[in-house]
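Single-structure report; data block below.
Counting convention: from 1, in listed order, for ligands and their atoms alike.
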Amino acid sequence: MKYITTAIAYLNGAPHVGHALDFLLADVLNRYQKSRGETTFLQTGTDEHGQKVASKAKALGISPQELCDENSALFRALWQDLDAKYDYFIRTTNPNHIKNCQEIWLKLAENGLIYKKPYHGWYCEGCESFITETEAREKNFTCPIHNQPLQEISEDNYFLKVTALIPQIKAAIERGRALSTLDALNGETTARSVGTADPSDDQYLKILPDFRASEILNLLEKSEDVSISRPKSQVSWGIPVPNDPDQTMYVWIDALSNYLTTGHWPASTQIIGKDILRFHAITWPAILLGLGLPLPRLLLTHGFVNVDGTKMSKSLGNVISPTEVIARYGTDAFRFYFLKYIPTCDDGDFTWAKYDAAYNDLANTLGNLVSRLANMNNKYFAGLIGTQNEQSIDKSDDSLPNIVKSLAKYHHFMQNLDFSDALTELFNHFRDINAEIDAAKPWTLAKSDDTLPELRNLLENWSSRVATLASALAPFLPTTSQKILAIFQPEKTVYNGEILFPKPETTTP
Ligand SMILES: [Zn+2]
């Protein structure tokens with residue numbers, strides 16, 4: 001079983017393209033693993049508690065639950081718009097989740113990992129995060145993101161004893177680093193006793209990309225215990241701390257526990273943005289180790305989608321709505337851009353001009369290839385051009401060496417969760433076929449009976465390769481893949497002249 005999770009989206013706003021990227025990476029992995037015969041389970045959802053949600057609801061004159069209901073529905077709708085599929089959508093206001101969180105809290109307390117102490121420090125309500133005295137001084141007591149003075153806080157908080165678990169977390173990350181991605185995904189991690197590091201422990205946690213593992217190992221050197229509650233007087237919209245009515249759970253246990261709710265733990269792959277890596281690579285393993293549970297096998301960390309080189313932010317007014325982008329050229333074009341032009345593990349950039357250029361590339365490279373090839377099959381051989389299936393192509397290395405090589409590379413990238421390079425590889429091969437067609441000049445071969453057999457061989461070869469590549473394309477562009485496979489069938493070509501990626505009638509500047 002491969003259990004895949006996305007980060008759960010915080011409901012203080014509507015979905016942006018960064019959320020869409022997170023969901024698409026999970027969807028591609030899920031579709032790919034399924035196509036390799038794996039059983040999978042994909043969970044996503046929404047993170048609904050916290051003071052920001054409560055303040056926003058108050059400003060809108062509705063209850064926090066009403067705001068959550070409205071915004072959570074937008075995220076579910078986005079999955080549908082993206083043609084992405086989940087198996088379970090969790091909401092952290094769900095009574096079952098609330099009950100689980102309280103049980104987790106009690107178990108951690110029972111294992112001696114939670115204590116209460118007065119906290120004195122700094123806090124940004126916009127970020128909903130604590131800032132140490134040193135950091136606050138460095139920032140001149142102002143949040144650089146929200147451009148607001150930090151609040152000075154003196155209150156009682158519960159803390160999670162992360163420091164007691166640091167040796168175990170470090171050892172697990174170092175073990176994960178030594179494993180290949182494939183071994184990490186296929187390996188087993190087992191539950192171990194709670195407490196100090198056991199030298200025979202085989203728990204591991206692989207972090208992709210690898211330089212992020214270094215970042216976390218450095219951060220672990222100076223990690224402190226983590227505050228896991230706030231006074232109810234400060235944060236009312238949240239899960240009550242068991243046996244202490246004056247305290248509300250702060251985000252960590254509430255949000256991170258979502259991954260445990262459906263009983264599929266451990267996760268095979270957790271997909272997260274780089275901004276929440278430290279919580280998933282330090283706080284979350286501490287909670288799991290504190291519960292005696294196995295660690296996730298792999299954390300896949302993606303970057304941000306910038307807009308014209310600038311970070312998206314509400315204050316700059318440059319937030320791009322995925323719905324707006326999908327409306328321009330449809331779902332598969334959206335998937336194409338965000339999966340190919342945004343590097344899987346790095347920051348990427350979006351501009352409308354780049355998006356238009358990518359669409360033109362899609363239309364010229366793939367759309368044009370499919371229609372010209374199908375038209376030739378119809379025109380010269382009445383559609384009676386078949387395709388070999390992938391298995392037979394795999395065996396005939398001599399006649400079709402390039403596609404075999406290309407697919408081997410594709411699978412290598414997919415198995416290393418490098419989706420953007422895998423998709424690029426498929427498009428390089430589509431480009432090669434276009435070039436071969438140009439060079440072979442099929443229309444001249446069609447002029448004489450002597451060259452017709454040669455033309456037939458070429459068309460069969462190209463059609464087979466396009467069909468094979470279309471199968472490999474399925475995790476990325478599911479609808480397009482189906483359409484191509486319906487055209488280039490094993491026995492014949494069936495084409496009604498549909499243009500896969502039509503030129504838009506007008507383009508907006
Ligand atoms: Zn802030």
Side-chain angles (χ1 to χ4, degrees), residues 7-19 22 46-60 64 67-68 71 92 119-155 157-160 162 212 215-216 219 222-238 247-256 272-284 301-307 309-320 347:
I8 52 173
Y10 192 39
L11 285 189
N12 64 329
H16 55 69
V17 288
H19 295 110
D22 203 77
T46 42
D47 173 14
E48 311 198 352
H49 291 122
Q51 203 47 39
K52 256 202 232 177
V53 169
S55 309
K56 178 136 196 202
K58 199 174 172 196
L60 293 169
L67 177 69
C68 291
N71 281 354
T92 58
Y119 172 81
H120 175 86
W122 300 86
Y123 188 82
C124 171
E125 198 181 314
C127 299
E128 289 190 286
S129 66
F130 293 96
I131 293 125
T132 62
E133 186 74 34
T134 325
E135 274 180 290
R137 195 167 293 123
E138 279 166 12
K139 292 175 175 163
N140 211 10
F141 303 96
T142 305
C143 171
I145 298 165
H146 295 93
N147 209 17
Q148 269 175 1
L150 298 173
Q151 288 171 272
E152 189 172 10
I153 279 182
S154 267
E155 61 187 36
N157 286 173
Y158 284 97
F159 281 78
L160 179 69
V162 172
R212 299 264 176 227
E215 281 177 14
I216 293 299
L219 274 176
K222 48 186 175 188
S223 274
E224 293 172 8
D225 289 344
V226 169
S227 166
I228 51 170
S229 78
R230 302 240 24 226
K232 196 174 176 199
S233 56
Q234 299 298 316
V235 178
S236 53
W237 182 240
Q247 292 274 324
T248 304
M249 287 187 201
Y250 183 54
V251 59
W252 309 126
I253 290 181
D254 181 347
L256 293 164
I272 50 171
K274 65 179 182 183
D275 53 330
I276 53 172
L277 172 64
R278 62 197 287 183
F279 312 119
H280 283 78
I282 300 176
T283 315
W284 178 223
T301 318
H302 62 80
F304 290 147
V305 179
N306 295 321
V307 176
T310 310
K311 191 172 186 262
M312 262 190 296
S313 84
K314 274 186 223 158
S315 50
L316 286 174
N318 65 347
V319 177
I320 301 279
D347 291 350

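For the residue pair V162 and V226, the shortest heavy atom distance occurs at CG2-CG2, 3.7 Å. When all heavy atoms are compared, the tightest approach of K274 to T301 is CA-CG2, 3.4 Å. Contact between I282 and S223 at its shortest, heavy atoms only, is CD1-OG, 3.8 Å.
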Hey, can you pull the donor-acceptor pairs under 3.5 Å for the side chains in residues 144-153, sequence neighbours left out?
residue: E152; atom: OE2; partner: H120; partner atom: NE2; Å: 3.2

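Counting only protein N, O or S atoms, the number found under 2.8 Å from the Zn ion (ligand 1) is 4.
Within the 4.5 Å cutoff, no side-chain heavy atoms of E128 are placed close to those of N12. With contacts defined as side-chain heavy-atom distances shorter than 4.5 Å, the pair F304/M312 does not qualify.
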